[in-house]
Asker: 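One structure follows; several queries about it will come next.
All heavy atoms count here, side chains included; hydrogens, waters and symmetry mates do not.
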Amino acid sequence: MARANDEVAELLQELADLLSITGGEGFKIRAYEKAAKAIAGHPEDVSTLSLTALKKIPNIGDAIAKKIVDYNETGTIRQVEALRTQIPAGVRALTEIPGLGPRKALQLHQDLGIASVDELVAAIGEGRLRDLKGFGAKSEENLLRGIAVLRESGGRVLIDTATELAEEIVATLSPLALRCTCAGSLRRGKETIGDIDILAAAPSSTELMETFATLPFVTEVIARGEKKTSVRTTKGLQVDLRVVPLDSWGAALQYFTGSKEHNVAVREIAVRAGLKLSEYGLFDTGTDELVVSSTEEEVYARLGLSWVPPTLREDAGEVQAALRGELPRLVQLEDLRGDLHSHTDLTDGIASLEEMVAAAAALGYAYYAITDHAPDLVMQRMTDEKMLAQRAQIQALQASYPDLVLLHGTELNIDADGRVDWDGDFLSGFDVCVASIHSYFTEDATARLIAACENPHVNIIGHPTARRIGSRPQVEADWDEVFKACARTGTALEVDSFPSRLDLPDSLIRRALRHGVKFSIDSDAHAIVHMKNLRYGMCTAQRGWLTPDDVINTWPLDRLREFLRKGR
DNA sequence: GCCGTTTTCGGCCCGACTGTTTTCAGTCG
């Protein structure tokens, strides 16, 4: 649905970045950034909209609407193309490094001719930054650390990017195959994806391979054969298509879903049972006869294991649990009764309260919390009056939604001392309070997080590690101490579903679970389209082995309210 | 470049931190 929107948003953001590097006027740059956000979050496909319709989108005026029309006609925006000839792509890539912005990127380019991250690393190594005005020893250290964070994501893409691409491919290939689905790390719901694996079952692969290799976004065919074809896409992502006969579907799906470690553990069980497991099936080692292969369930069952949900297949205890028949009943998207963290255009969201509530109602939620930012995040310009006005608005709106209970909440800011924006009196007026870290990322966050838990009005710690995948590391904290405080005080930890956050990460969820902590899987939506991100938070939650009982927003409202009272 | 009960010009997201300075530019949320 949103492919054109995403591409337009990306081009507008690039325009903003290029203008900021060339020293463009600040308000103009911000206008492009706002427009990019508006387009990315706009529910309609912009490629189908007229100039007049485009101008009706908030933050899109005459000039930008014309640029979008330009895109719809030519597939690009001319001004972006023109600027690209002035600024090498590598210079913009430099600004991806945390702590390095447009001004310094330009300075590095102009003074030292640096036009890529690799060249910057080399220049630092040669000590060439030493003489540059505004750069010192500490800068070098910070740049290198920033580059390390950037590279940790090493060519991997976020789960939403990979999912959208994979689903498009599956949709295109499905009519040509008996079965077609994605496998690999995407099926396992990993937070970042290195390459996409697509599996198809068909009697003949010719047409599938031809269609796949000539998809519009394919830039290079890396390998092409009868059983397997690999391509690279415009996003630089590798996609592999494997075609298997229908009767080996189950074994093939199991094999190509991985993880490698999980498969090794499963194959060891097969070997001990005198069996051999490959992508073609489970075979008797003695006779080479096929035992089972058509469904994953059969393959696991024949080995004495219950079917293992793909999100658990990491050889992290799931094989032993499956052998004992003790796999958890994982939380599912359908279990969620509501969303407890979302924003409107009262702060930095782009949709109105009415629009967000209507979208939540359309999703069939039983309850839905609006949690706009609080005053300490100064740029959001929140005031007591605005918040109370919003509460009145929500109360009025409630009458129109007999099946949806609207909760008024806020996302508080945990300051350097662990305090939040309002005192207890004001906070007691909210149905739910999320509290999050938005600044001071470099200090030990343990005490701040524990102090927030001990606040009797704080119900949920929002995006607890404050990481941004590929661009900002987690805050440092003694997590076990934080988890103990959560369990002791009845404070839930959020699983923020934003694809660039997915926070808490799965490994910390499992650790927190051992302390008896409860969780809230939230969208943190700033636009209607973000509400669907819950599917990604759900993957992370499953990878953390969460069951419905662990997740407060699967609970009936009464039980949720009791939890939110926090013993008050 | 966008926007409008301050309305077609003149505002617009404000303040703090960091590392480099010797009074501040750049970056960030």
Side-chain angles (χ1 to χ4, degrees), chain A residues 8 11-13 15-39 51 54-68 70 77 79-80 83 92 94-111 129-146 149 343 345-350 372-383 386 411-417 421 436-443 462-463 466-468 471-473 475 496 498 500-501 503 524 526:
Chain A
V8 169
L11 282 166
L12 290 172
Q13 183 60 51
L15 186 51
D17 290 349
L18 293 174
L19 284 173
S20 66
I21 293 170
T22 53
E25 211 247 317
F27 289 114
K28 208 184 263 195
I29 292 163
R30 235 168 290 151
Y32 283 122
E33 283 175 341
K34 269 158 93 177
K37 221 168 112 181
I39 296 299
L51 185 69
L54 287 167
K55 281 159 72 172
K56 291 214 175 82
I57 302 173
N59 293 312
I60 305 299
D62 194 52
I64 293 181
K66 282 184 178 144
K67 287 184 166 65
I68 299 172
D70 192 18
I77 294 175
Q79 199 184 348
V80 176
L83 280 166
R92 181 170 173 238
L94 292 178
T95 65
E96 301 278 313
I97 301 168
L100 184 63
R103 303 249 66 90
K104 288 192 166 178
L106 183 64
Q107 191 189 355
L108 289 169
H109 180 234
Q110 286 180 337
D111 295 357
L129 263 62
R130 300 271 161 78
D131 308 324
L132 216 54
K133 197 175 183 165
F135 289 84
K138 194 88 183 180
S139 311
E140 294 185 344
E141 197 182 302
N142 286 341
L143 284 172
L144 288 175
R145 199 167 36 227
V149 172
H343 299 269
D345 58 7
L346 184 62
T347 55
D348 58 352
I350 63 163
D372 271 311
H373 288 289
D376 285 359
L377 208 61
V378 194
M379 63 177 182
Q380 305 295 352
R381 301 179 143 193
M382 179 52 75
T383 61
K386 279 187 183 175
E411 183 182 10
L412 300 163
N413 186 52
I414 303 174
D415 76 9
D417 300 316
D421 308 63
S436 318
I437 288 181
H438 294 113
S439 52
Y440 306 99
F441 300 111
T442 50
E443 286 160 39
H463 46 74
R467 70 165 177 176
R468 291 278 195 172
S471 65
R472 188 171 66 213
V475 292
D496 188 304
F498 238 83
S500 55
R501 288 193 184 273
D503 189 7
D524 194 1
H526 287 63

Asker: Quick one: A/K104 NZ to B/dA25 C1', roughly how many Å, whole number?
Answerer: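 Rounded to the whole Å, the gap is 8 Å.
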Asker: Which value, in whole Å, describes the distance between the P atoms of nucleotides B/dC12 and B/dT6?
Answerer: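 So the two P atoms sit 14 Å from each other.
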Asker: With both distances under 3.5 Å as the test, what is the Watson-Crick or G-U wobble partner of B/dA25?
Answerer: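 WC or wobble partner is B/dT18.
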Asker: Quick one: on DNA chain B, does A/G134 or A/L100 contact a more 5' nucleotide (nearest heavy atom)?
Answerer: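 Checking each residue's closest nucleotide, the 5'-ward one belongs to A/G134.
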Asker: Counting just side-chain N and O atoms, does A/R472 come under 4.0 Å of either OP1 or OP2 of B/dG29?
Answerer: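 The answer is yes; a side-chain N or O of A/R472 sits under 4.0 Å from OP1 or OP2.
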Asker: Would you mind reading off the distance between A/H438 atom NE2 and B/dC13 atom C1', rounded to a whole angstrom?
Answerer: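 For the pair A/H438 NE2 and B/dC13 C1', the rounded distance is 15 Å.
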Asker: Under 4.0 angstrom, heavy atoms only, what part of the nucleic acid is A/A416 near: base, sugar-phosphate, or nothing?
Answerer: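 The answer is nothing, as A/A416 stays clear of every strand by at least 4.0 Å.
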Asker: Using whole Å, report how far CD1 of A/I68 lies from C1' of B/dG1.
Answerer: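 Whole-Å distance recorded here is 12 Å.
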Asker: What interatomic distance, in whole Å, is found between P of B/dC2 and the corresponding atom of B/dT20?
Answerer: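 Nearest-Å result for B/dT20 against B/dC2 at atom P: 39 Å.
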Asker: Provide, to the nearest angstrom, the distance between the NZ atom belonging to A/K28 and the P atom belonging to B/dG10.
Answerer: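 It works out to 18 Å between those atoms.
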Asker: Below 4.5 Å, heavy atoms only, C-beta onward: do A/H463 and A/E411 meet side chain to side chain?
Answerer: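 With C-beta onward as the side chain, the pair touches.
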Asker: Does the side-chain ring of A/F27 lie flat on the base of B/dC2, meaning centres under 5.5 Å and planes less than 30 degrees apart?
Answerer: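 No, A/F27 does not stack on the base of B/dC2.
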Asker: Expressed as a whole number of Å, how far does the C1' atom of B/dG19 sit from that of B/dG10?
Answerer: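 So the two C1' atoms sit 35 Å from each other.
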Asker: Quantified in whole Å, what is the C1' atom distance between nucleotide B/dG29 and nucleotide B/dC13?
Answerer: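 Rounded to whole Å, the distance is 10 Å.
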Asker: Measure from CD1 on A/I57 to P on B/dC2 and round the result to the nearest Å.
Answerer: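 Computing the A/I57:CD1 to B/dC2:P distance gives 12 Å.
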Asker: Starting the side chain at C-beta, find the nucleotide from B/dT27, B/dC2, B/dG29 nearest to A/F441.
Answerer: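 Nucleotide nearest to A/F441's side chain: B/dG29.
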Asker: How close or far is atom C1' of B/dT21 from atom CZ of A/F135, stated in whole angstroms?
Answerer: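 About 14 Å, once rounded to whole Å.
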Asker: Looking at CZ of A/R467 and CG of A/D496, how far apart are the two atoms once the value is rounded to the nearest 0.5 Å?
Answerer: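 Here the interatomic distance stands at 10.0 Å.
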Asker: Please report the distance separating the C1' of B/dT18 from the corresponding atom of B/dT23, rounded so that it comes out in whole Å.
Answerer: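 Going atom to atom, C1' in each nucleotide, I get 15 Å.
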Asker: If you count the non-hydrogen atoms of other residues, nucleotides and ligands that lie under 6.0 Å from NZ in A/K28, is the total more than 12?
Answerer: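 No - once you tally the heavy atoms of other residues, nucleotides and ligands closer than 6.0 Å, there are 12 at most.
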Asker: Parallel, tilted or perpendicular, judged at 30° and 60°: which one describes the rings of A/H526 and A/F498?
Answerer: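 Because their plane-to-plane angle is over 60°, the rings of A/H526 and A/F498 count as perpendicular.
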Asker: Picking from B/dT27, B/dG1, B/dA16, which would you name as closest to the side chain of A/Y440?
Answerer: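 Looking only at heavy atoms from C-beta outward on A/Y440, the closest nucleotide is B/dA16.
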Asker: How many whole angstroms separate atom CG of A/D503 from atom P of B/dG29?
Answerer: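 Computing the A/D503:CG to B/dG29:P distance gives 14 Å.
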Asker: Hey, does A/I60 reach any base, or is it just sugar-phosphate, or nothing, if we go heavy atoms under 4.0 Å?
Answerer: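 Sugar-phosphate, no base atom in range.
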Asker: Can we say A/K66 and A/D70 salt-bridge, meaning some charged N sits less than 4.0 Å from an Asp/Glu carboxylate O?
Answerer: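 Here A/K66 does not pair with A/D70 in a salt bridge, since their nearest N and O are not under 4.0 Å apart.
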Asker: Tell me what A/D62 touches on the nucleic acid: a base, only sugar-phosphate, or nothing, going by heavy atoms under 4.0 Å.
Answerer: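 If one applies the 4.0 Å heavy-atom cut-off, A/D62 turns out to touch the sugar-phosphate alone, with no base involved.
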Asker: Which nucleotide, B/dC13, B/dG1, B/dT18, lies nearest any side-chain atom of A/R30?
Answerer: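 Output: B/dC13.
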Asker: Sticking with atom P, work out how far B/dT27 lies from B/dT21, rounded to a whole angstrom.
Answerer: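 Straight-line distance between the two P atoms is 15 Å.
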Asker: Quick one: which of B/dT18, B/dC2, B/dC13 gets closest to the side chain of A/N142?
Answerer: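 Closest nucleotide to the A/N142 side chain: B/dT18.
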Asker: Side chain of A/K34 only, heavy atoms from C-beta on: which candidate in B/dG29, B/dC13, B/dG19 is closest?
Answerer: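 The nucleotide sitting nearest to the side chain is B/dC13.
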Asker: Looking at B/dG29, B/dG1, B/dT27, which one has an atom nearest to any side-chain atom of A/K67?
Answerer: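 Comparing B/dG29, B/dG1, B/dT27 against the side chain of A/K67, the answer is B/dG1.
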Asker: Considering every strand and a 4.0 Å limit on heavy-atom distances, what is the contact class for A/S139: base, sugar-phosphate, or nothing?
Answerer: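 A/S139: backbone/sugar contact only, no base atoms under 4.0 Å.
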Asker: Give me the distance, rounded to whole Å, that separates B/dA16 from B/dC9 when you measure between the C1' atoms they each carry.
Answerer: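 B/dA16 and B/dC9 have their C1' atoms separated by 32 Å.
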Asker: Determine the sole option in A/L143, A/I21, A/L106, A/L100 for which the side-chain contact (heavy atoms from CB on, under 4.5 Å) test with A/L94 is passed.
Answerer: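 Exactly one candidate clears the test, A/L100.
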Asker: Side chain of A/K138: nearest nucleotide among B/dG1, B/dG19, B/dG29?
Answerer: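 Shortest atom-to-atom distance from the side chain points to B/dG19.
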Asker: Quick one, A/D524 and A/H343 - any side-chain contact, counting heavy atoms below 4.5 Å?
Answerer: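 Sidechains of A/H343 and A/D524: in contact.
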Asker: Roughly how many Å is it from CG in A/D131 to P in B/dT21, rounded to a whole number?
Answerer: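 Between P of B/dT21 and CG of A/D131: 11 Å.
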